[in-house]
Amino acid sequence: MMAAGASRFDISRFGAEVFRPSPRQADVMIVAGTINKKMAPAVKTLYDQMPEPKWVIALGNCAISGGPFVFPGQYSVVEGVDKLFPVDVYVPGCPPRPEALIEGILKLEEKLTGKRRWPEVKPE
């Protein structure tokens, strides 16, 4: 996620360069990493503190399904952040590439506006 904000990939081209430190100033939550059951109530509280409208991006296999930390008999890992609150865009990868995060942000924009801004898709 930090590489996507750096100059090589430059997420600011898409208007997503400002990472807000407070949930009360954010409209998109990017869940990146494993959610343990001990941490789940705190993450749910952050989601609840976000103002409407709000969206969620699950970044990486750990956030989507628990990743390699899920095995028979495990008791401490939440098997997907969608068990806590609704997820709008899933970005796969272990670890996900910066291009994948940018694609996820574009997919979220496409979901909200109904069209894709970039790259321009030409009808055939």
**Q.** Within one Ile-Leu-Val-Met-Phe-Trp-Tyr cluster: Val91 and Val56, side-chain cutoff 4.5 Å
**A.** no
(Q) Under the side-chain contact (heavy atoms from CB on, under 4.5 Å) test against Leu59, which residue among Val31, Leu101, Val81 passes? (A) Leu101
Q: Could you grab the distance from atom CG of Asn36 to atom OH of Tyr75, nearest 0.5 Å is fine?
A: 10.5 Å
Q) Are side-chain heavy atoms of Phe85 and Met29 found at a separation under 4.5 Å? A) yes
Q | Reported CD-to-NZ distance for the pair Glu109 and Lys115, which is rounded to 0.5 angstrom | A | 7.5 Å
Q | Atom of Gly104, atom of Val89 and distance for their closest heavy-atom approach | A | O-CG1, 3.7 Å
(Q) Is there a path of hydrophobic side-chain contacts, each under 4.5 Å between heavy atoms, that joins Ile57 and Leu106? (A) yes
Q) Going from CG on Leu108 to OG1 on Thr113, what distance comes out if it is rounded to the nearest 0.5 angstrom? A) 9.5 Å
Q) Could you state the interatomic distance from CG (Leu46) to CE (Met39), rounded to the nearest 0.5 Å? A) 7.5 Å
Q. What closest approach, in Å, do Val78 and Lys37 show between heavy atoms, and which atom pair accounts for it?
A. CG2-CG, 3.8 Å
Q: Using a 4.5 Å cut-off on heavy atoms from C-beta on, say whether the side chain of Pro23 contacts that of Met50.
A: yes
Q | Residue pair Tyr90 / Pro92: nearest heavy atoms and the distance that separates them | A | O-CD, 3.6 Å
Q) Are Trp55 and Ile102 connected in a single hydrophobic cluster, I mean Ile/Leu/Val/Met/Phe/Trp/Tyr linked by side-chain heavy atoms less than 4.5 Å apart? A) yes
Q.
If hydrophobic clusters are built by linking Ile, Leu, Val, Met, Phe, Trp and Tyr wherever their side-chain heavy atoms come under 4.5 Å apart, do Ile30 and Val43 end up in the same one?
A. no
Q) From Lys54 NZ over to Tyr47 OH, what is the distance, rounded to the nearest 0.5 angstrom? A) 4.5 Å
(Q) To check you understand the geometry: which heavy-atom pair defines the closest contact between Cys62 and Pro68, and what is its length? (A) SG-CD, 4.0 Å
Q. Nearest 0.5 Å, what's the NZ-CD1 distance between Lys107 and Ile105?
A. 13.5 Å
